[in-house]
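A short worksheet on the structure shown next.
When a ligand or atom number is given, it counts from 1 through the structure's own listing order. Reckoned from all heavy atoms, side chains included, excluding hydrogens, waters and symmetry mates.
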Amino acid sequence: MSRFLSTRYSSLLPYTPGEQPQDKSYIKLNTNENPFPPSPDVLEALSRKEAEALDLYPDPQSRRLCAAIAAFYGVGEQQVMVTNGSDETLAFAFLAFCGQDKGVCFPDITYGFYPVYAELFKIDYKEIPLNADYAIDPADYYNAGRTIFLANPNAPTGMALSSAQIEEILKRNPDDLVVIDEAYIDFGGESTIPLLKRYDNLLVIQTFSKSRSLAGMRLGAAIGSPALIEDMNKMKFSFNPYNVNRLANAAGAAAMEDTAYFRRCVDIIMENRAWTAQALQSLGFTVLPSCANFVFAKPAGMSGEAYYKKLKERGILVRHFSKERIRDYVRITIGTKEQVQALITETKALLEEA
Ligand SMILES: *Cc1c(COP(=O)(O)O)cnc(C)c1O
């Protein structure tokens with residue numbers, strides 16, 4: 001730390017992203033990326049013509065990309081804004097809808113960025129414990145008196161609330177905003193986007209990093225009422241109006257429009273998830289019911305950390321969290337069939353060795 005850092009950040013603990021090793025090649029099942037490349041239409045859209053236009057700023061409103069997202073979800077174009085990754089959408093939502101007059105709440109076990117943003121922006125936050133079975137109890141969020149952030153499906157558990165459960169949370173908080181982070185919704189959850197017709201206190205956040213194979217492009221979106229999107233744009237245009245670059249705008253629109261490719265990738269990942277969960281269970285693991293592109297699993301007869309380390313020695317990366325309630329588990333991203341087969345083969349081998 002330099003002696004110039006503002007004292008307001010001296011105790012700030014930044015978010016720790018999963019390992020992105022550049023030295024050797026691992027089977028990477030640690031950061032919930034998609035194992036499939038982006039749609040061929042995306043590669044097509046990243047044309048020489050687009051690259052040659054990089055001397056010019058991009059459309060700050062990303063109109064073509066917003067139109068593609070709006071068409072996919074059947075909402076108005078003025079109900080969509082896009083950002084540089086959905087982490088940025090989340091940041092804008094914390095800035096816009098929480099503050100001195102309004103605290104925030106989220107589960108104790110959830111996406112690690114929520115408490116980081118609350119700390120960064122000096123927002124009072126309350127962490128609400130998950131149930132003993134790692135489920136979110138919707139009733140814990142009734143009459144919250146705070147802005148509510150929920151990842152649905154939740155991370156790193158993969159467990160989802162139904163749309164009806166979220167609707168009840170919306171009803172019980174008519175004067176507070178409920179932000180639903182749907183980073184993993186395409187892998188089997190029920191999106192709350194249809195509820196936007198009836199609830200003005202709902203903001204939905206989505207990302208291109210998981211189901212659309214564009215983690216490296218950095219694209220996220222907020223979908224909500226025109227008034228909420230206007231507020232979000234106020235943040236964006238006060239911070240970085242050109243947050244979504246030309247190539248990202250073109251790639252995002254192409255990814256959104258190739259619905260057949262998207263469905264195919266998602267279907268394969270869901271199939272591989274069922275296969276992996278079953279295989280782990282037959283080896284004695286506890287596997288939480290997942291609606292995401294990962295499973296949260298507890299090995300039998302070995303700590304979560306030991307399992308993570310042994311897999312790493314064998315060339316497979318998964319994610320381990322040292323947080324008390326979940327330290328017995330590891331989070332395993334669902335890859336291609338070959339990748340998850342390798343995971344199971346190595347798991348069997350290391351269990352025999354133990
Ligand atoms: C991956 C993830 C995001 C953000 O991803 P970006 O790459 O910044 O779009 C947001 N929320 C949750 C719960 C995630 O797992």
Taking all non-hydrogen atoms of both residues, which atom of Glu190 and which atom of Glu182 are closest, and how far apart?
O-OE2, 4.4 Å
Classify the contact between Phe113 and ligand 1 as side chain, backbone, both or neither, using a heavy-atom distance cut-off of under 4.0 Å.
neither
Would Arg64 and Asp59 count as a salt bridge (charged side-chain N to carboxylate O under 4.0 Å, His left out) if you check the C-alpha gap in whole Å, the side-chain angles of each, and the deciding distance to 0.1 Å?
CA-CA 9 Å; Arg64 168 147 154 61; Asp59 172 12; over 6 Å; no
Mind checking whether Ile229 and Ile223 have side chains closer than 4.5 Å, heavy atoms only?
no
Measure across Lys323 and Asp108 and return the closest heavy-atom pair with its distance rounded to 0.1 Å.
NZ-O, 2.6 Å
Option with minimal heavy-atom separation from atom 8 (O) of ligand 1, where the choices are Arg212, Arg218, Glu33:
Arg218
Any heavy atom of Asp181 closer to ligand 1 than 4.0 angstrom?
yes
Select the closest option to atom 5 (O) of ligand 1 among Gly18, Ser86, Ala91, Pro156, judged by heavy-atom distance.
Ser86
Measuring only between side-chain heavy atoms, which start at C-beta, is Tyr117 closer than 4.5 Å to Asp87?
yes
Proximal ligand 1 atoms for Ser209, defined as those under 4.0 Å from one of its heavy atoms
6 (P), 7 (O), 9 (O)
Can you list the ligand 1 atoms lying under 4.0 Å from a non-hydrogen atom of Gly85?
8 (O), 9 (O)
heavy-atom search around atom 15 (O) of ligand 1 in the protein gives Tyr184 OH, 2.5 Å
Gln339 versus Leu29: any side-chain heavy-atom pair under 4.5 Å?
yes
Should the proximity of Lys210 to ligand 1, defined as any heavy atom under 4.0 Å, be assigned to the side chain, the backbone, both, or neither?
side chain
